[in-house]
S.K.: 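I'd like to ask some things about the structure below.
What's counted below: heavy atoms across the whole structure, side chains too, no hydrogens, waters or symmetry copies.
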Amino acid sequence: MTSGLWELVLEGVWVTIQLLVFSSLLATAVSFVVGVARTHRLWIVRFLAGFYTEVFRGTSALVMIFWVFFVLPPAFGWQLVPMWAGTLALGLTYGAYGSEIVRGALAAVDPAQQEGGIALSFTPWQRMRLILLPQAVPEMIPPFSNLLIELLKGTALVSIMGMGDLAFSGNLVRLALQESAEIYTYVLLIYFVIAFLLTRVMRGLEKKLKAGMGKAPVREPDAELKRPETSNVGGAA
């Protein structure tokens with residue numbers, strides 16, 4: 001390929017990375033908000049969070065992008081630029097999947113930990129922040145890693161809006177060269193490299209979090225609770 005075509009591909013890589021970062025940040029925020037809401041003590045909060053999850057898990061990300069970019073603007077009189085339309089559609093869709101990861105990880109924490117927080121008179125927020133999340137977050141990393149890879153592959157859907165991501169740029173180069181095998185092989189390799197780097201970063205984060213849990217200081221029992229040592233002063237009678 002010529003240098004001009006390579007520049008087009010690299011611009012597409014940069015757009016894909018930006019979209020991945022923005023949509024993953026939104027998806028992470030949605031995952032935790034909705035996932036925690038699904039464990040709330042009020043049934044209405046659980047119902048609304050569950051309704052959101054089922055709606056966005058049960059609809060296609062491609063159709064959601066159509067809705068955000070083509071359907072909503074005429075209805076509300078505003079138009080999102082492709083980057084933010086793609087971020088909103090992908091973040092809300094994959095956030096629904098992530099909320100189940102959060103809910104499942106929180107539910108997997110030993111109930112005795114929750115009961116201990118209640119016995120210490122912790123508020124629900126304190127139990128969530130100090131007891132549940134520190135134990136649940138490391139267990140969320142592997143499934144979140146898989147979800148992040150799926151989100152990376154989902155970014156290719158934004159090409160239907162004419163957004164110059166990697167998939168869109170690759171198609172333009174294919175049309176210019178009239179060669180499919182070469183350019184799509186390059187595109188596949190680029191997606192693979194990005195996914196591989198994401199996997200390594202997430203594994204490093206998982207090891208760091210679990211190592212941090214392993215280094216947590218162990219509280220020694222209070223002095224008055226220790227059994228005093230017996231002495232044999234003066235010997236036996």
S.K.: Residues two or more places apart in sequence or in another chain: which of them pass side chain to side chain contact (heavy atoms under 4.5 Å, CB included) with Thr59?
M.R.: Met64
S.K.: For residues 158-166, run the donor-acceptor check on the side chains, cut-off 3.5 Å, and write out each pair with its distance to 0.1 Å, sequence neighbours left out.
M.R.:
unit_1: Ser159; atom_1: OG; unit_2: Ala156; atom_2: O; d: 2.9
unit_1: Asp165; atom_1: OD1; unit_2: Phe168; atom_2: N; d: 3.2
unit_1: Asp165; atom_1: OD2; unit_2: Ala167; atom_2: N; d: 3.3

S.K.: How far apart are the closest heavy atoms of Ser31 and Ala27, and which atoms are they?
M.R.: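 It is OG-O, 2.6 Å.
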S.K.: Can you tell me how far CG of Leu72 sits from CH2 of Trp67, rounded to the nearest 0.5 angstrom?
M.R.: 6.5 Å
S.K.: Taking only residues two or more places apart in sequence or in another chain, which ones pass side chain to side chain contact (heavy atoms under 4.5 Å, CB included) with Val33?
M.R.: none
S.K.: Before giving the answer on side chain to side chain contact (heavy atoms under 4.5 Å, CB included), spell out for Val68 and Leu92 the whole-Å C-alpha distance, their side-chain angles and the decisive distance to 0.1 Å.
M.R.: CA-CA 11 Å; Val68 173; Leu92 293 177; over 6 Å; no
S.K.: Report yes if some heavy atom in the side chain of Ile190 is under 4.5 Å from a heavy atom in the side chain of Val9; otherwise report no.
M.R.: yes
S.K.: Under 4.5 Å between side-chain heavy atoms, hopping through other hydrophobics if needed: is there a path connecting Leu188 to Ile183?
M.R.: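 Result: no, two separate clusters.
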S.K.: Restricting to salt bridge (Lys or Arg N to Asp or Glu O under 4.0 Å), what partner residues turn up for Glu54, sequence neighbours left out?
M.R.: Arg57
S.K.: Identify whether Val102 and Leu209 are in the same connected component of the hydrophobic contact network (ILVMFWY, side-chain heavy atoms under 4.5 Å).
M.R.: yes
S.K.: Considering all heavy atoms of both residues, which atom of Ala89 and which atom of Ile65 are nearest to each other, and what is their separation?
M.R.: CB-CG1, 3.6 Å
S.K.: Are Met83 and Leu10 linked, directly or through intermediate hydrophobic residues, by side-chain heavy-atom contacts shorter than 4.5 Å (ILVMFWY only)?
M.R.: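 Looking at the clustering, Met83 is in a separate group from Leu10.
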S.K.: Side-chain polar contacts of residues 136-154 - donor-acceptor pairs under 3.5 angstrom, sequence neighbours left out - could you list them?
M.R.:
unit_1: Glu150; atom_1: OE2; unit_2: Lys153; atom_2: NZ; d: 3.1

S.K.: List the residues meeting ring pair (Phe, Tyr, Trp, His ring centres under 6.0 Å) with Trp84, not counting sequence neighbours, and say none if there are none.
M.R.: Phe22
S.K.: When rounded to the nearest 0.5 angstrom, what distance separates CD1 in Ile101 from CG in Leu106?
M.R.: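 Taking CD1 in Ile101 and CG in Leu106, the distance rounds to 12.0 Å.
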S.K.: What pairs of donor and acceptor atoms, side-chain ones from residues 191-206 against any protein atom, are under 3.5 angstrom apart with sequence neighbours left out?
M.R.:
unit_1: Thr199; atom_1: OG1; unit_2: Ala195; atom_2: O; d: 2.9
unit_1: Glu206; atom_1: OE2; unit_2: Lys210; atom_2: NZ; d: 3.1

S.K.: Taking ring pair (Phe, Tyr, Trp, His ring centres under 6.0 Å) as the test, write out the residues that go with Tyr52, two or more places apart.
M.R.: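 Phe56.
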S.K.: Sorted by first residue and then second, give each side-chain hydrogen bond (donor to acceptor under 3.5 Å, both in side chains) pair with at least one member in residues 15-30; sequence neighbours left out.
M.R.: none
S.K.: Which atoms form the tightest heavy-atom contact between Gly86 and Leu19, and what is the distance?
M.R.: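 Heavy-atom minimum between the residues: C-CD1, 3.8 Å.
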S.K.: Compile the donor-acceptor pairs under 3.5 Å between side chains in residues 124-134 and protein atoms, sequence neighbours left out, one pair per line.
M.R.:
unit_1: Gln126; atom_1: OE1; unit_2: Thr123; atom_2: N; d: 2.9
unit_1: Gln126; atom_1: OE1; unit_2: Thr123; atom_2: OG1; d: 3.4
unit_1: Arg127; atom_1: NH1; unit_2: Phe122; atom_2: O; d: 2.8

S.K.: Do the rings of Tyr94 and Tyr97 sit parallel, tilted or perpendicular, given the 30° and 60° boundaries?
M.R.: tilted
S.K.: Below 3.5 Å, can you tabulate the donor-acceptor pairs from side chains in residues 36-45 to any protein atom, sequence neighbours excluded?
M.R.:
unit_1: Arg38; atom_1: NH1; unit_2: Glu100; atom_2: OE2; d: 2.2
unit_1: Thr39; atom_1: OG1; unit_2: Val36; atom_2: O; d: 2.7
unit_1: His40; atom_1: ND1; unit_2: Leu42; atom_2: N; d: 3.0

S.K.: My understanding is that only residues two or more places apart in sequence, or in another chain, count here; which of them pass ring pair (Phe, Tyr, Trp, His ring centres under 6.0 Å) with Phe70?
M.R.: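 Checked Phe70 against ring pair (Phe, Tyr, Trp, His ring centres under 6.0 Å); matches are Phe66.
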